[in-house]
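Positions are given from 1 along the sequence.
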Amino acid sequence: QVQLAESGGGSVQAGGSLKLSCAASGYTRHRSMAWFRQGPGNEREGVACVEQDSSTTYARSVKGRFTISHDNAKNTLFLQMNSLKPEDTATYYCAKLIWPCNRVLIRPVPKDDSDIWGQGTLVTVSS
C-alpha cells in the first residue's frame, strides 16, 4: 500500500510563505493529486489539484497565492504558499485520487476507497 507523508508545516506571520511537501512511498495510477485543508470547525476543502497531464486547478481563495507542483523523479507533490493570511490556518492534507480536478475542488470532498490520503501537516498563520 502506497503511503503519503506531508511535511513543511509550521507557524508563520501573515504575508509570509511556506512550502509543503508530500512524499509518496511508491507509484500509483491515480488520476489526480491534490492538497486539501481543514481549519478548526470547518469542512475539509480542496485548495489545489494537478492531473496526470500537469494541468492545475485552484480554489478561488488561494488562486494567485498558492502553486501546486509535482516532481516525478522524487515522486513528491509540493504546495508553495505565498502571501499567507490568518484564514489559511488549517491542517493541510495531500491525496492521490481517482477524481478529476474539476470534481476534487467541489464540496463535499469526493470519497473512494482507492483514494490515498496523508496524515496532514499543520499550518498556522498569525496576524
Side-chain angles (χ1 to χ4, degrees):
Q1 176 87 14
V2 172
Q3 294 183 326
L4 304 178
E6 301 98 336
S7 62
S11 297
V12 65
Q13 288 191 326
S17 299
L18 282 174
K19 187 173 185 176
L20 306 183
S21 300
C22 171
S25 62
Y27 290 90
T28 66
R29 297 174 67 86
H30 288 76
R31 179 166 179 173
S32 65
M33 294 171 284
W35 287 96
F36 297 80
R37 67 185 181 188
Q38 188 165 13
N42 295 335
E43 288 183 77
R44 189 169 298 189
E45 61 174 352
V47 296
C49 182
V50 58
E51 298 216 21
Q52 293 290 341
D53 64 0
S54 299
S55 59
T56 57
T57 308
Y58 296 91
R60 286 185 183 180
S61 59
V62 306
K63 196 169 186 178
R65 300 188 296 123
F66 291 11
T67 302
I68 188 171
S69 61
H70 183 258
D71 185 324
N72 290 328
K74 295 181 179 179
N75 202 12
T76 300
L77 183 71
F78 299 100
L79 185 68
Q80 176 67 48
M81 306 186 294
N82 299 328
S83 302
L84 282 162
K85 304 175 182 180
E87 51 263 44
D88 294 319
T89 293
T91 298
Y92 284 72
Y93 302 87
C94 63
K96 286 181 173 260
L97 306 149
I98 67 163
W99 310 93
C101 286
N102 60 10
R103 174 63 185 92
V104 167
L105 298 189
I106 296 174
R107 296 184 188 182
V109 173
K111 295 181 181 179
D112 188 275
D113 288 344
S114 63
D115 295 335
I116 302 173
W117 288 82
Q119 294 301 305
T121 185
L122 179 63
V123 172
T124 303
V125 184
S126 58
S127 57

_If you count heavy atoms of other groups shown closer than 6.0 angstrom to CD of Gln119, is the number above 12?_
no
*Heavy atoms, side chains only, cut-off 4.5 Å: are Asp88 and Met81 in contact?*
no
*Considering only heavy atoms from C-beta outward, does the side chain of Leu4 approach that of Leu77 to under 4.5 Å?*
no
_Tell me whether the count of non-hydrogen atoms from other residues, nucleotides or ligands lying under 6.0 Å of CZ in Arg107 goes above 12._
yes
*Identify whether Phe78 and Trp35 are in the same connected component of the hydrophobic contact network (ILVMFWY, side-chain heavy atoms under 4.5 Å).*
no
*Gap separating the OG1 atom of Thr56 from the NZ atom of Lys63, nearest 0.5 angstrom*: 8.5 Å
*asked:* Quick check for you: to the nearest 0.5 Å, what is the distance between Leu20 atom CG and Tyr93 atom OH?
replied: 12.5 Å
_Please find the pair of heavy atoms, one from Ile98 and one from Ser114, that lie closest to each other, and give the distance._
CG2-OG, 3.0 Å
_Would you compute the distance between atom OH of Tyr58 and atom CG of Leu79 and round it to the nearest 0.5 angstrom?_
7.5 Å
*asked:* Please report the interatomic distance CG(Asn72) to CD(Gln52), rounded to the nearest 0.5 Å.
replied: 8.5 Å
*Between Asn75 and His70, is any pair of side-chain heavy atoms under 4.5 Å apart?*
yes
*Between Tyr92 and Glu6, is any pair of side-chain heavy atoms under 4.5 Å apart?*
no
*Is Phe36 close to Thr91 at the side-chain level, that is, under 4.5 Å between some pair of heavy atoms?*
no
*Could you give the distance from NZ (Lys96) to SG (Cys22), rounded to the nearest 0.5 Å?*
8.0 Å
*asked:* Going by side-chain hydrogen bond (donor to acceptor under 3.5 Å, both in side chains), name the pairs with one or both residues in residues 21-33, residues two or more places apart or in two chains.
replied: Thr28-His30, Arg31-Glu51
*Just do the side chain to side chain contact (heavy atoms under 4.5 Å, CB included) check on Thr57 and Val104 with the steps written out, would you?*
CA-CA 9 Å; Thr57 308; Val104 167; over 6 Å; no
*Taking atom CZ of Arg44 and atom CZ of Arg37, what is their separation to the nearest 0.5 Å?*
13.0 Å
*asked:* If I compare all heavy atoms of Pro86 with all of Ser126, which pair ends up nearest, and what's the gap?
replied: CG-C, 4.5 Å
*Identify the heavy atoms of Arg65 and Ser83 that sit nearest to each other, and give their distance.*
NH1-O, 2.9 Å
*Minimum heavy-atom separation for Ala34 to Leu97, with atom names?*
CB-CD1, 3.8 Å
*Count the heavy atoms belonging to other residues, nucleotides or ligands that lie under 6.0 Å from CG of Asp53, then report whether that count exceeds 12.*
yes
*Are Cys94 and Met33 close enough, and set up right, to give a side chain to side chain contact (heavy atoms under 4.5 Å, CB included), and what steps lead you there?*
CA-CA 7 Å; Cys94 63; Met33 294 171 284; over 6 Å; no
_Counting only heavy atoms from other residues, nucleotides and ligands, does the tally under 6.0 Å from CD of Glu87 exceed 12?_
yes
*Give the minimum heavy-atom separation between Leu105 and Ala48, together with the two atoms involved.*
CD2-N, 3.9 Å
